[in-house]
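Chain letters run A, B, ... following the sequence lines, proteins first, then strands; residues in each count from 1. Here the structure is a predicted model, which is why all the values come from computation and not from measurement.
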2 protein chains.
Amino acid sequence: MSLDKRKVKILKAIITSYIDNAEAVGSRTISKKYELGVSPATIRNEMSDLEDMGYLVQPHTSSGRIPTDKAYRYYVNDLWEKIKSSRHPNLAQLRKIIEEKSNELDELFKNSVRILSQFTRYTSFVVAPQLKQSVIKRIQLVPVSEHKVLMLIILQANIVKQVMLRLNSPIPFDQLEKISASLSERMYGYKMEDIDTIKDTIIKELYISKETSSDALMEILPYLMEQIAKLDDLNVYSDGITNILDLPEYNDVVKAREFISFVEDKSSFAKLLQHTGDSDLDICIGSENKHLELKDCSLITATYKLNGKLIGRIGVIGPTRMDYDNVISTVKSISDAISDIINQNYSIENKE
Amino acid sequence: MSLDKRKVKILKAIITSYIDNAEAVGSRTISKKYELGVSPATIRNEMSDLEDMGYLVQPHTSSGRIPTDKAYRYYVNDLWEKIKSSRHPNLAQLRKIIEEKSNELDELFKNSVRILSQFTRYTSFVVAPQLKQSVIKRIQLVPVSEHKVLMLIILQANIVKQVMLRLNSPIPFDQLEKISASLSERMYGYKMEDIDTIKDTIIKELYISKETSSDALMEILPYLMEQIAKLDDLNVYSDGITNILDLPEYNDVVKAREFISFVEDKSSFAKLLQHTGDSDLDICIGSENKHLELKDCSLITATYKLNGKLIGRIGVIGPTRMDYDNVISTVKSISDAISDIINQNYSIENKE
DNA sequence: GTTAGCACTCAATCAAGGAGAGTGCTAACA
DNA sequence: TGTTAGCACTCTCCTTGATTGAGTGCTAAC
């Protein structure tokens with residue numbers, strides 16, 4: 001038995017209908033709503049075949065049928081060519097909205113997830129880039145008050161990270177400048193992930209070269225290094241988590257609670273996301289997910305890149321019965337927009 | 001008819017029981033669980049009186065009784081003396097947890113709401129201080145790349161706000177220093193809320209004094225001023241919104257959705273909070289709230305202060321049937337902790 | 001003033017009985 | 001040989017009615 005043309009037509013009709021209504025689809029519905037030119041009886045036969053082939057299931061003997069994960073997978077693969085070249089109709093506008101209010105990376109991601117969840121009506125997320133690979137360009141200490149200094153870590157990609165330091169005893173302004181200079185000099189070119197290993201060496205070096213050091217500096221140096229090393233946490237932004245409350249499959253509070261708990265637990269969620277492939281676009285349907293909690297969910301993830309290198313992920317999580325076409329094109333468009341914005345604003349400028 | 005001692009005892013027993021179980025309380029339950037030395041029949045008579053007096057209602061003729069808002073109000077007022085002096089048992093520990101990871105204001109508030117919602121199991125929020133009244137101490141421009149400059153606005157309270165600026169054409173390093181200096185000089189002492197009015201004057205002044213100006217500066221100055229004026233948005237942090245899904249009164253998804261939508265809409269929620277009084281501790285029970293959406297909720301808010309001046313609010317929102325004792329003492333303790341931390345870290349230092 | 005007793009009320013639960021949607025099978029038809 | 005009409009069958013959902021149980025209010029006795 002093979003998927004002939006008519007079977008495909010029927011299968012797609014069933015999937016479309018189920019995506020729209022979340023209700024098992026019967027043969028009469030199909031023959032009425034979708035013009036296939038055959039009677040319900042014929043459709044019934046075909047549906048029976050499709051069930052044997054694993055594309056459909058019946059929740060109970062006398063109900064209509066529901067697409068299986070295999071059906072969605074077929075559906076998505078079939079759409080693949082169309083999807084690969086698809087763009088969200090409002091891409092340009094989308095990009096503008098995201099970019100407009102995103103002076104900094106943090107805002108960029110917040111805006112992106114917000115828009116993504118608004119457009120899809122599902123839960124969206126972004127895994128922010130880890131800075132492990134980022135190269136340090138400069139360290140700048142800015143005096144704030146007698147006992148407070150703001151440390152700016154300026155990375156090659158023009159990302160600025162900051163840590164507020166508390167001093168036990170004041171350090172004069174010109175000292176701070178000197179310290180900034182010698183810290184910059186010593187740490188220039190190192191990656192963020194190296195700091196943990198090199199910090200002891202740097203502390204020692206600075207200690208020996210009395211010239212640029214001071215008691216105050218020596219006091220805070222270990223603390224300062226530790227703060228830098230801490231910066232590199234894995235960061236996940238999400239939005240629209242409560243959108244699932246609008247879906248009929250979650251109008252049981254317990255189920256909804258389970259989903260929300262899982263997604264709100266950023267660390268476990270982040271772990272999950274790291275297992276998605278490195279391809280531009282990854283679609284994980286239902287039981288293809290390794291987590292039992294997500295066996296009824298699909299995960300659409302796309303990557304965004306800086307200078308052609310994968311640095312993070314963005315995506316949507318929703319019921320397997322999701323509007324793949326729309327979600328995929330939106331995720332793709334937004335990930336592209338992010339890549340564009342990042343490359344424009346944070347790539348290592350040629351002149352430098 | 002008056003609230004004699006026995007009536008009070010019975011009322012409290014009913015309230016306590018209802019807070020625990022969210023189920024209408026009957027006379028038998030009371031006589032069994034709370035040792036009052038009288039029979040259910042007597043309690044029934046008293047309950048009937050309490051209903052006449054407006055402290056109780058019956059959802060239907062043959063059910064137990066439920067406390068009214070008036071009853072909660074009585075209960076809270078009665079606890080008042082105890083509450084006023086109450087402190088959370090783990091206050092010191094609490095303060096430590098909050099403080100430890102809170103290098104910056106932003107983190108301070110995030111940690112506070114997180115802990116508050118974890119301890120109370122309800123929804124918590126903080127209204128961050130608006131900076132309107134904050135006085136500018138210094139402006140510092142930090143070069144990041146050829147086309148990017150980070151502007152730091154350092155306020156008298158040692159809060160640092162930042163805006164990333166994009167330049168169309170590069171500005172040399174020493175120029176930036178000069179600009180920083182002259183901006184600082186001209187803006188020193190002004191309040192954030194003044195900026196909108198004075199910005200045109202400053203732009204003009206700087207334009208006239210060719211000495212410190214440059215074409216590049218003149219180009220970005222309006223943009224820069226606009227960015228500063230934008231900084232002062234009202235900011236509300238919240239946490240534990242989905243905790244209500246665990247409450248029996250919200251196991252109807254539609255109701256839960258309504259609540260969540262209301263609270264997630266930060267702007268309308270912030271407006272609501274501004275109407276709470278200026279007292280240290282404000283308790284708004286059920287229909288005492290002006291918003292219909294919150295007629296079944298109580299709002300416990302406390303204020304936090306800097307140098308004795310009210311600068312923000314923190315609180316918890318939950319069902320009228322909330323554990324007032326615990327919630328109030330927790331809110332109070334955390335608001336105190338915030339005040340402490342803020343005063344320690346952000347008050348205007350004497351020596352300056 | 002307190003309490004035991006009893007009739008009464010009403011939500012919640014459960015079983016039984018359609019109604020309706022949908023299927024699978026069979027036999028007839030093109 | 002594929003398609004279709006017809007029909008019996010299945011299973012969920014909804015309604016209805018009966019039952020249960022928690023709780024009340026009233027009355028009369030203590």
Atom-pair distance ([atom1] on [X]; [atom2] on [N]), nearest Å:
{"X": "I43(A)", "N": "dG22(C)", "atom1": "CD1", "atom2": "C1'", "result": "13 Å"}
{"X": "I10(A)", "N": "dG2(D)", "atom1": "CD1", "atom2": "C1'", "result": "13 Å"}
{"X": "I66(A)", "N": "dC11(D)", "atom1": "CD1", "atom2": "C1'", "result": "14 Å"}
{"X": "H60(A)", "N": "dC11(D)", "atom1": "NE2", "atom2": "P", "result": "9 Å"}
{"X": "E46(B)", "N": "dC26(D)", "atom1": "CD", "atom2": "P", "result": "15 Å"}
{"X": "K7(B)", "N": "dT2(C)", "atom1": "NZ", "atom2": "C1'", "result": "14 Å"}
{"X": "I30(A)", "N": "dG22(C)", "atom1": "CD1", "atom2": "C1'", "result": "13 Å"}

Compare side-chain N and O positions of T42(A) against OP1 and OP2 of dT4(D) and report whether any pair is under 4.0 Å apart. yes
What string of B, S and - do you get for nucleotides 16-25 of chain D, 5' to 3', if B is base contact, S is sugar-phosphate-only contact and - is no contact with any protein heavy atom under 4.0 Å? ------BSBB
Within a strict 4.5 Å, meaning less than it, do heavy atoms of the T301(A) and V331(A) side chains meet? no
Determine, for R121(B) against D323(B), whether the closest basic-nitrogen to carboxylate-oxygen distance falls under 4.0 angstrom. no
When you compare the side chains of S267(A) and D265(A), does any donor N or O come within less than 3.5 Å of an acceptor on the partner? yes
Show me the side-chain donor-acceptor pairs of residues 54-62 of chain B shorter than 3.5 Å, one per line, residues at least two apart or across chains.
| residue | atom | partner | partner atom | Å |
| --- | --- | --- | --- | --- |
| Q58(B) | NE2 | T61(B) | O | 2.8 |
| Q58(B) | NE2 | S63(B) | O | 3.1 |

Would you please indicate if the ring centroids of Y324(A) and Y72(A) are separated by under 6.0 Å? yes
Pairs touching residues 247-256 of chain B that satisfy salt bridge (Lys or Arg N to Asp or Glu O under 4.0 Å), sequence neighbours left out: E249(B)-R321(B)
